[in-house]
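Just below is one structure, and these are the notes that go with it.
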Number of protein chains: 2
Amino acid sequence: MSAGGLGCAECPVRDRAACSALEPQEREELARAGRIRTLKRGETLFAAGDRNDACATLIEGALKVTSFDSQGVERILALVHPSGFTGELFAPFTHHDVVALTDSRLCVFSRAQLESAIERYPALAQALLRRSQEEIHETRELIELMGRRGAAGKVAGLLVAMSRAASTSPCHGAQSFDLPLTRGEIAGLLGLTIETVSRQLGALEAKGLIARHGARGIDMRQPRQLEALVD
Amino acid sequence: MSAGGLGCAECPVRDRAACSALEPQEREELARAGRIRTLKRGETLFAAGDRNDACATLIEGALKVTSFDSQGVERILALVHPSGFTGELFAPFTHHDVVALTDSRLCVFSRAQLESAIERYPALAQALLRRSQEEIHETRELIELMGRRGAAGKVAGLLVAMSRAASTSPCHGAQSFDLPLTRGEIAGLLGLTIETVSRQLGALEAKGLIARHGARGIDMRQPRQLEALVD
DNA sequence: CGCAGGTTTGATGTGTATCAAACAATGTGG
DNA sequence: CCACATTGTTTGATACACATCAAACCTGCG
């Protein structure tokens, strides 16, 4: 752990997260206010209905933002990837659950701390604004995905999206990766059932577009064809 | 038109829009940079692919944010209501079309103008941040709606949402209102077909939950029962 | 009045949900 | 280390909701 307590110097998202907009000394001061938290797969960061007094930047791992319908079926509203920010900055109570999909590491701030930092550093508000706009865009892409008619297009689209998220390079996706989502979570994300997701993955494998290793491992055999399916 | 050129003093969204965070004199200065624009139903504000050099606050009317799938079917990604902000602040090119659903009036700013205003007035960045967070929340609600299984829940949910949007009061919805959306647009929003939407509305009327006047007019006869359908 | 765009209604097929059971994979205690 | 429980995944048979295709019907407007 470095002098700042958060080790910004070694932080893998130090130049993509919102705090990257700050000057080194400003960030140093912010870092002293925050703290690192780790979550194991399945652990809850925020629970719907909680007093909304914290927020966080994801350093590594993945989070899901969820709600439940009246029958208790989980619906995933958003995914958070490294450098993503989570936490509602203005609402008094949290609307949705935020849960770790994989073991994760986060940089957590109390809302009071963040608000005072925003007051002090105008660049921080702008950086958070930028992140919010990116998040709006991501959420709209999710809507496009869910709006697809046909389960095949939805599943193919999700694979392409996860492949991109798993890749370090922004332009093209990872060729081989592990799904951080269970079948049930994929179903909750796409508005399908577990069985349909399973069958669609089976069909994609049968067509040779992907290969699977165990339940989670995905191998993109023909990424172009997959993307074609999405349209 | 008032001295400021935009008539902020009489603006119906003056204390809900992002600019409401500014001091009167600051707002005055911003107002001089912007201009009022009116759109008739169906007119395009931004087109996908355009250089992204403007943004706007909606004063009255309604907008849709859309994209098209490969078969040319329109998919609605978001609705914008009065006091809502539209325009991507950081992307170089616009990703989606923004089109007027009804005759609308907007307060338009060039991106350069807005960026310099953000530099000058830190409160503006915070206000836009707040709006963005609200928009994220609205978009997530749309995802919840689309994720519903069963066309009945989707259509009922949309009616409840439109009723709220049509109301001036924030707590309960309007009892009677006109849908700003055609059947095709509703279908594009919910991921259904025109025929299914039409049939669902017919079914709701047959059950006495709503009454219809012409193609657009909706009368909420039993709003509680409608909301129950949504869950 | 008559046209065009939008809406409703009907008949039919398909895709996905549902129900059910077998099958890994993972972890636990003896 | 193995038997076992547990959780997640796959596969199958069936039913139903929605899409699709087709045609008639409003509604607003020139």
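Here is how names work: the chains are called A, B, and so on, in the same order as the sequence lines, proteins then strands, and each is numbered from 1.
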Per nearest nucleotide of DNA chain C, the residue lying toward the 5' end, B:T182 or A:A151, is B:T182
Margin query: Counting only side-chain nitrogens and oxygens, does B:R149 get under 4.0 Å of the OP1 or OP2 atom of D:dA17?
Written below: no
| query | Under a 4.5 Å cut-off applied to non-hydrogen side-chain atoms, are A:H96 and B:E144 in contact? | reply | yes
Separation of D:dC29 atom P from B:K40 atom NZ, nearest Å, is 13 Å
When rounded to whole Å, the NE2 to P distance for the pair B:H213 and C:dT8 reads 14 Å
Ordered by number, residues from residues 190-201 of chain B within less than 4.0 Å of DNA chain D (heavy atoms) are B:G191, B:L192, B:T193, B:E195, B:T196, B:R199, B:Q200
Separation of C:dG5 atom C1' from B:E185 atom CD, nearest Å, is 13 Å
Inset, instruction - Compare all side-chain heavy atoms of A:R111 with those of A:E88 and state whether any distance is below 4.5 angstrom. - result: no
Separation of D:dT20 atom P from B:Q71 atom CD, nearest Å, is 8 Å
(request) Give the C-alpha distance, both sets of side-chain angles, the deciding distance and a yes or no for side chain to side chain contact (heavy atoms under 4.5 Å, CB included) between B:T139 and A:E135. (result) CA-CA 10 Å; B:T139 306; A:E135 183 159 346; over 6 Å; no
To the nearest angstrom, the CD1-C1' distance between B:I186 and D:dA19 comes to 18 Å
Check your understanding: Do A:E138 and A:R131 sit within salt-bridge range, that is, some charged N less than 4.0 Å from a carboxylate O?
Key -> yes
By nearest-nucleotide position on DNA chain C, the 5'-leaning member of B:G202 and B:R41 is B:R41
(Q) Between A:Q200 (side chain only) and A:A151 (backbone N and O only), is there a donor and an acceptor less than 3.5 Å apart? (A) no
When rounded to whole Å, the CG to P distance for the pair A:D178 and C:dA25 reads 14 Å
Rounded to whole Å, the CG-P distance (B:L181 to C:dG6) equals 13 Å
Using modelled atom types only, decide if a donor and an acceptor are shared between the side chain of A:D103 and the backbone of A:R41 within a distance under 3.5 Å. yes
